[in-house]
Amino acid sequence: MATCGAGRERAPHASPPPPRSSVRQLAAASVGNAAEWYDWYAYSFLAVYFADQVFPKGSGDSLVPLLSAFAVFAVGFFMRPVGGLLMGAIADQRGRRAALTVTILLMGAGSLLLALTPTYAATGVLAPVVLVAARLVQGLSVGGEFAASTTFLVESAGPGRRGLFSSFQYVSTTIGQLLASGTAALLAHFLTEGQMGDWGWRVPFLVGALISLAGFWIRQGAHETHDVPGKASERPAVFEALRRHPRQSLMICGITAGGTLAYYTWTTYLPAYAQMNAGIGKGDALAVGTISLAFFAALQPLGGLLSDRVGRKPLLIGFAVGFAVLAVPLLHAIGSSFTSLLLVQCAGMVLLTGYTSIAAAVNAEVFPARVRAAGIGFPYSLTVALFGGTAPYLGTWFKDAGHPGAFPWYVAGLCLVSACVYVILPETAKRPLDRAG
């Protein structure tokens, strides 16, 4: 069984060094990834507008459509492990670029389907069925996107720069999310709430389908970072990573659990949380989300550079312990003012950078190149589905059940669990990356 990290790399079997054109590689990964995540996150920002259009209201309970919309948000996450496994296998067997091409086409198709989703009033149960189908396609895409783009970015990095290159995973993810949030905020500013509910929410999904086509074109010029074995018998099987590296697979789950819950709470669910629990307006909540996401994106390269100097573990432990101690007081500190929400969201994002800026590098350094994409894709996506994708639904459910104060403790507790994993995690920042095909 291979040990964690790449400390046992055998130089004679190493594949060629990272490509020389770092800017081109970063652009191919980042632009496509931004397009992917724009499409994915537009759903969460617009759910408060289209929920009443797609789902029937319960008797006297105004939260029923929103709960249904967030339930579908969670359902999409449960396709991500399938996408991580299948697209990860494609990335290991056919190359990283081939997988990246497939994922972005799937995301564009899902976004177009969302834009064309009919209303419940017009078609009845067909409306939520179409919505679920679109999110399943997008979930398949996103699960494979992280696996392929993570390996592609880290394998494109030169010596001592894996942390920096890793940070662009969440730089581009945040840019996509920022575009989604900004588009939603802009439409909310210029359109009435009635117009947003009737047709305005469809516009960002149409834009997303067009952006996906642009990302597809850019990725055609990317340089492949993985030497694919020539014979089919030499290629890794779909489940080889799970079968041969079970310890590393479990480690990915522990690394990801607290990080994904904190990430989706602070970057996706917090605007809705503030609306439900502090009474802040929809427009102000979206504006705060947009500003704080820009701040978050700027922090990522700094975190990646720092990890290349001091190691991965100090940043990971700082993130997890920080959230375990501060998640409850921060979420309780949210008031009805624009400023209070902005300060809470930015404070959490400083802590969150200790995880997000290096997650790609940490995950890639766990597995050998032969099964790296599939090895990362399945356990990572499964953990995100269990803890990240359910965050908006659980937060809303706690509120509906009359226990809104329970959700912050849930965030703190899971981050404490991940902190224990980080303490025993071997330091891999200075180890050479395994590049054997």
Side-chain angles (χ1 to χ4, degrees), residues 1-7 74 77-78 80-81 83-85 88 142-143 146-147 150-151 154 162-163 166 169-170 239-267 303 307 311-327 348 351-368 371-391 394 409-429 431 434:
M1 183 182 298
T3 57
C4 177
F77 275 80
F78 282 93
R80 290 180 61 167
L85 191 62
V142 167
F146 186 87
T150 291
T151 53
V154 177
R162 294 199 302 265
S166 168
Q169 176 74 30
Y170 276 92
F239 294 99
E240 182 176 337
L242 291 173
R243 187 176 68 251
R244 295 192 178 184
H245 307 278
R247 178 173 173 271
Q248 286 87 336
S249 297
L250 287 174
M251 191 171 292
I252 294 291
C253 295
I255 290 168
T256 306
T260 188
L261 176 59
Y263 175 76
Y264 279 98
T265 298
W266 243 259
T267 67
S307 79
R312 318 293 189 219
K313 289 183 65 171
L315 273 72
L316 290 172
I317 293 172
F319 145 73
V321 173
F323 263 101
V325 173
L326 296 175
L351 293 174
L352 188 57
T353 297
Y355 166 77
T356 55
S357 63
I358 57 174
V362 172
N363 289 337
E365 290 161 354
V366 166
F367 283 97
V371 294
R372 181 170 289 139
I376 294 170
F378 182 74
Y380 172 85
S381 296
L382 179 63
T383 307
V384 171
L386 290 172
F387 300 109
T390 58
L394 281 175
W409 286 103
Y410 170 59
V411 176
L414 197 60
C415 286
L416 185 60
V417 171
S418 282
C420 297
V421 176
Y422 300 151
V423 168
I424 64 173
L425 186 70
E427 180 58 72
T428 56
R431 294 183 181 181
D434 177 82

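The model shown is predicted, which means the values in this text are computed figures rather than measured ones.
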Task: Heavy-atom side-chain contact between Pro379 and Gln248 under 4.5 Å - done: no
- [ ] First locate atom CG of Leu425, then atom SG of Cys420, and finally report the distance between them rounded to the nearest 0.5 Å.
- [x] 12.5 Å
TODO: Compare all side-chain heavy atoms of Val384 with those of Arg80 and state whether any distance is below 4.5 angstrom.
DONE: yes
TODO: Test Leu261 against every option in Leu394, Thr390, Val417, Leu414 by the side chain to side chain contact (heavy atoms under 4.5 Å, CB included) rule and name the one that passes.
DONE: Leu414
TODO: Work out which heavy atom in Ala241 is nearest to a heavy atom in Ser249; give both atom names and the distance.
DONE: O-OG, 4.0 Å
Open item on the list: Looking at every non-hydrogen atom in both residues, tell me the closest pair between Ala324 and Ala412 and how far apart they are.
Closed with: O-CB, 3.5 Å
Task: Residue from Arg372, Arg162, Arg431 passing side-chain hydrogen bond (donor to acceptor under 3.5 Å, both in side chains) with Glu365 - done: Arg162
Open item on the list: So Pro314 and Glu427, do their side chains get closer than 4.5 Å, heavy atoms only?
Closed with: yes
TODO: Supply the atom-to-atom distance Thr256 OG1 to Leu386 CG, rounded to the nearest 0.5 angstrom.
DONE: 11.0 Å
Task: Non-hydrogen atoms of Val411 and Ala327 that approach each other most closely - done: CG1-CB, 4.0 Å
Task: Sub-4.5 Å side-chain heavy-atom contact between Val423 and Ile317 - done: yes
Task: Student check: side-chain heavy atoms of Tyr263 and Phe387 closer than 4.5 Å - done: no
Open item on the list: Is any side-chain heavy atom of Leu316 closer than 4.5 Å to one of Ile358?
Closed with: yes
TODO: Step by step, work out the ring-ring contact (aromatic ring centres under 6.0 Å, His included) result for Tyr355 and Phe323.
DONE: CA-CA 11 Å; Tyr355 166 77; Phe323 263 101; 9.9 Å; no
TODO: Could you grab the distance from atom CG of Asn363 to atom CE of Met251, nearest 0.5 Å is fine?
DONE: 11.0 Å
Open item on the list: Just verifying a value: how many Å separate Leu351 CG and Leu326 CG, rounded to the nearest 0.5 Å?
Closed with: 6.0 Å
TODO: Drop me the distance from Phe319's CZ to Thr356's OG1, to the nearest 0.5 angstrom.
DONE: 8.5 Å
- [ ] Taking all heavy atoms of Gly303 and all of Leu315, pick out the closest pair and write down the distance.
- [x] O-CD2, 3.3 Å
Open item on the list: Within the structure provided, determine whether Ile252 and Phe367 are in side-chain contact (heavy-atom separation under 4.5 Å).
Closed with: yes
Task: Side-chain heavy-atom pair Thr267, Leu352 within 4.5 angstrom cut-off - done: yes
Task: Intermediate values then yes/no, ring-ring contact (aromatic ring centres under 6.0 Å, His included), Tyr380 and Phe146 - done: CA-CA 9 Å; Tyr380 172 85; Phe146 186 87; 3.7 Å; yes
Task: Ser357 OG to Arg312 CZ distance, which is reported to the nearest 0.5 Å - done: 9.0 Å
Open item on the list: For Ala373 versus Ala147, what's the shortest heavy-atom pair and its separation?
Closed with: O-CB, 3.3 Å
Task: Least distance between heavy atoms, Ser307 atom then Ala429 atom - done: O-CB, 3.9 Å
